There are 2 protein chains.
Amino acid sequence: MKKQQNILIIGAGLCGSLLALRLGQRGYNVSVFEMRPDLRKVDISAGRSINLAFSDRGNKAMKLVGLEDQVKALCIPMHGRMIHDAHGNTFQSNYSGRTHEFINSISRGELNALLLDEAEKHENVKIYFNKKCKSVDFENTTALFKDYKSKDEFLEDADVIIATDGAGSALRKSYYLGKKFLFSFSQAYLTHGYKELSILPKDNGDFKIYKNALHIWPRGSFMLIALPNLDGSFTVTLFLSYDEGTYNFNNLTNDERVLEFFSKEFPDALAVMPNLLEDFFTNPTAPLGTIKCSPWHYKGNTLLMGDAAHAIVPFYGQGMNASFEDVVEFDAVLDENLSSWEATFKTFEKRRKKDTDAIADLAIDNFHEMKGHVNQAIFQEKRKLEMALEKQFPKDYTSKYALVTFNEDIGYREAMLRGRAQDKAILNLLADKKIDINGDLKTILEQVKQETEAILEDDRIAGLNQ
Amino acid sequence: MKKQQNILIIGAGLCGSLLALRLGQRGYNVSVFEMRPDLRKVDISAGRSINLAFSDRGNKAMKLVGLEDQVKALCIPMHGRMIHDAHGNTFQSNYSGRTHEFINSISRGELNALLLDEAEKHENVKIYFNKKCKSVDFENTTALFKDYKSKDEFLEDADVIIATDGAGSALRKSYYLGKKFLFSFSQAYLTHGYKELSILPKDNGDFKIYKNALHIWPRGSFMLIALPNLDGSFTVTLFLSYDEGTYNFNNLTNDERVLEFFSKEFPDALAVMPNLLEDFFTNPTAPLGTIKCSPWHYKGNTLLMGDAAHAIVPFYGQGMNASFEDVVEFDAVLDENLSSWEATFKTFEKRRKKDTDAIADLAIDNFHEMKGHVNQAIFQEKRKLEMALEKQFPKDYTSKYALVTFNEDIGYREAMLRGRAQDKAILNLLADKKIDINGDLKTILEQVKQETEAILEDDRIAGLNQ
């Protein structure tokens with residue numbers, strides 16, 4: 001594909017701005033149209049998650065565009081889960097037995113601003129704000145926009161249109177409503193919604209609770225989590241059913257009920273959240289949905305990428321990382337200089353979709369793990385054993401969590417299949433009392449490996465997971 | 001709910017006409033609006049599958065409405081799969097080792113006509129044809145229709161609206177586009193489409209190939225099947241990729257290519273299909289899709305049922321049976337006299353959706369089994385063993401196929417979980433050479449049972465299939 005080609009990107013969020021930067025580096029003429037105002041000039045955080053988990057797959061993309069060090073400066077390492085019980089007792093469960101493996105809390109806004117700044121340094125990249133995409137004519141490779149300021153509508157033409165416009169993608173909607181080809185599509189909502197709250201810093205700017213962990217208050221059918229911010233605050237998120245259980249979003253309608261709920265379930269969190277009621281009744285309750293679709297592209301004209309192609313629930317901390325990895329994978333396909341955009345898009349989807357499907361499913365699994373399993377004895381024993389194995393045999397054992405989070409050279413799908421088999425092996429060996437945390441770790445490692453292989457082989461013979 | 005209530009049913013296909021009959025029998029005032037002409041007066045078979053598989057779950061519904069004997073007269077028993085290899089050799093693989101267990105080929109049109117006739121015998125049931133539903137106002141429980149003859153549009157009001165309007169449901173579309181509540185929805189297409197062809201009867205009206213079987217020509221990545229009709233003909237269906245493989249729907253564009261394809265892959269079928277080319281180029285190629293959604297109901301106002309709620313691919317022969325079972329399950333909930341329509345709808349969905357989700361997944365599994373696995377030695381050995389076990393121990397062994405097809409008192413989900421574990425057990429025991437077809441059947445039965453239980457227990461411990 002000739003470098004002089006014009007690429008139109010819809011959406012300048014995390015994925016779109018990274019893509020613009022990378023395609024700019026590659027020499028394409030890139031125009032980006034974003035419906036929101038420029039977040040470097042206006043505060044538009046309301047309603048969107050303020051901080052995010054950033055880990056190795058995302059970092060691989062930052063290396064690709066040469067921003068690893070600048071992004072590192074925005075990161076707060078989180079070495080594990082800090083689990084809070086109903087009495088306020090805490091214990092930490094690390095993410096890995098290898099000390100160099102941890103995840104990071106990062107500000108969505110700061111990271112996005114950095115990517116926009118870097119993209120705009122390229123003369124061949126232009127970014128336009130307040131331009132909302134209303135629809136895409138994927139036969140003619142044109143997109144219809146509305147300028148939020150002038151209220152005018154205008155049509156943009158390009159050689160290729162790539163939509164990185166998130167879960168509510170205009171291009172995806174045009175695919176669905178166009179009925180010009182068979183478009184497989186799913187949107188699946190959890191019965192739970194979420195609301196963002198906060199723990200403000202101490203008067204001296206210090207963190208009120210331990211800084212370097214992802215805090216979880218797991219309560220079986222609901223949970224609270226907290227991630228640190230550079231200013232000493234934590235962004236707290238309540239995940240709760242809309243209408244089931246004693247307390248739910250539909251019946252937490254007044255100060256008394258909210259305080260009753262928090263003092264009963266999260267007393268230690270409540271103690272550091274004097275601003276709870278204001279946050280609770282100011283911030284919106286938002287749904288949690290998974291979106292999958294196929295095909296992502298129409299011929300060589302248009303392509304969906306990032307959340308527009310595969311929105312996931314936040315429980316594996318992989319949403320942004322997966323979108324960034326899209327750009328890395330797309331870049332690798334571009335390196336192959338295939339004969340056409342159609343071949344490029346097709347190859348990209350063929351390689352990538354199995355992995356984004358897998359992380360979508362893993363994220364739902366982790367919803368159940370975080371709100372409940374982390375409280376169960378057998379799951380805690382498994383995690384302790386895995387930490388011990390990773391510490392003792394850093395090159396020979398890697399947990400599912402580590403495969404997904406810290407092994408950017410293994411695809412999500414392979415991580416899922418191997419990780420699930422390994423989890424099943426350990427849980428069954430523990431339940432059958434064939435291993436326990438006090439046993440010889442070398443022997444346990446061999447037993448786990450053997451049992452994992454047996455599980456994978458049994459599935460293969462039965463024609464599963466092919 | 002008072003009997004004097006007005007129930008509006010959208011769609012008078014198989015599910016809608018059965019529902020109308022049953023609700024009529026229960027004394028409700030029922031109005032049914034159907035977009036097509038009355039199929040008892042006009043031939044409207046084009047483009048829809050002409051015959052269907054009818055089995056025990058469907059028959060349970062016929063018993064409920066007192067039509068078992070009348071429906072039996074329309075049935076042609078099919079005792080097994082007649083498998084045709086590429087040289088025209090055949091062998092039969094039965095559906096069960098118990099001789100009273102078989103499936104039936106039945107005409108969609110004849111069965112629908114019978115249900116319409118029976119429904120209309122009730123004074124409190126009115127059926128209107130040529131009235132297409134355009135949208136449903138589910139807040140106000142009204143539906144907008146267009147009369148295809150007068151071209152007029154009119155609004156119908158009811159106490160309750162139940163949509164049995166199939167995969168393209170107007171109510172489901174209104175749920176999706178309305179955005180008034182979180183509506184989870186998926187449409188997933190296979191890469192294959194289908195086309196209906198035919199084997200006409202001999203001049204004397206006899207069947208040209210064996211009457212009492214479901215014929216399959218499995219070819220790995222595509223297949224042909226044939227089901228008998230009462231008039232001596234077979235309805236033949238080609239399942240083929242749209243665009244992959246040497247031969248596909250997109251490149252079978254002229255007589256020569258179609259004949260080349262059939263003479264190479266299905267020579268024995270071609271020999272009895274002199275009308276192939278006419279059928280091939282007259283009949284449409286149609287897509288194969290699965291639809292799932294939730295919730296099925298809005299408050300106590302509206303409800304989706306049958307294909308409108310859960311369309312599936314045809315490979316388990318359960319589409320009609322599942323829709324008929326919906327009516328049986330709904331009837332059982334009505335028997336409980338819950339306090340409101342909302343409670344009734346909620347209870348129905350809660351009990352039923354897990355089962356319709358399961359049959360959707362099973363039907364996709366069977367697509368792969370029918371086009372490929374039936375040709376593999378280990379799968380054939382498994383089926384032979386299962387037939388022997390069912391014959392020898394009719395009360396102690398039931399295959400997955402039999403659990404799904406002949407055990408109407410076991411839900412689809414339970415059948416799926418048990419059946420899949422059993423399949424995995426047998427395939428692994430065979431692969432590990434722990435059992436073979438010449439062994440002692442009593443011992444094999446015990447081994448299979450033990451291994452199946454172990455698989456289910458391992459999954460339970462790992463938190464799978466909960």
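None of the values given here were measured: they were computed from a predicted structure. Letters A, B, ... are given to chains in the order of the sequence lines, protein chains preceding strands, and every chain is numbered from 1.
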Could you pull out every donor-acceptor pair under 3.5 Å between side chains of residues 421-430 of chain B and any protein atom, sequence neighbours left out?
{"unit_1": "B:Gln422", "atom_1": "NE2", "unit_2": "B:Tyr397", "atom_2": "OH", "d": "3.2"}
{"unit_1": "B:Gln422", "atom_1": "NE2", "unit_2": "B:Thr398", "atom_2": "O", "d": "2.7"}
{"unit_1": "B:Asp423", "atom_1": "OD1", "unit_2": "B:Lys382", "atom_2": "NZ", "d": "3.2"}
{"unit_1": "B:Asp423", "atom_1": "OD2", "unit_2": "B:Lys400", "atom_2": "NZ", "d": "3.2"}
{"unit_1": "B:Lys424", "atom_1": "NZ", "unit_2": "A:Asp459", "atom_2": "OD1", "d": "2.5"}
{"unit_1": "B:Asn428", "atom_1": "ND2", "unit_2": "A:Asp458", "atom_2": "O", "d": "3.1"}
{"unit_1": "B:Asn428", "atom_1": "ND2", "unit_2": "B:Lys424", "atom_2": "O", "d": "3.0"}

Counting only N and O atoms by type, is there a donor-acceptor contact under 3.5 Å from the side chain of B:Gln187 to the main-chain atoms of A:Ser186?
no
Donor-acceptor check, side chain of A:Ser184 to backbone of B:Tyr189, threshold 3.5 angstrom: yes or no?
yes
For residues A:Tyr176 and B:Tyr176, establish whether the separation of their ring centroids is below 6.0 Å.
yes
Assess whether atom [atom1] of [X] is packed by more than 12 heavy atoms of other residues, nucleotides or ligands within 6.0 Å.
X: B:Lys353; atom1: NZ; result: yes
X: B:Glu139; atom1: CD; result: yes
X: A:Lys346; atom1: NZ; result: no

Atom CD1 of B:Ile461 and atom CD1 of A:Ile378: how far apart are they, to the nearest 0.5 Å?
6.5 Å
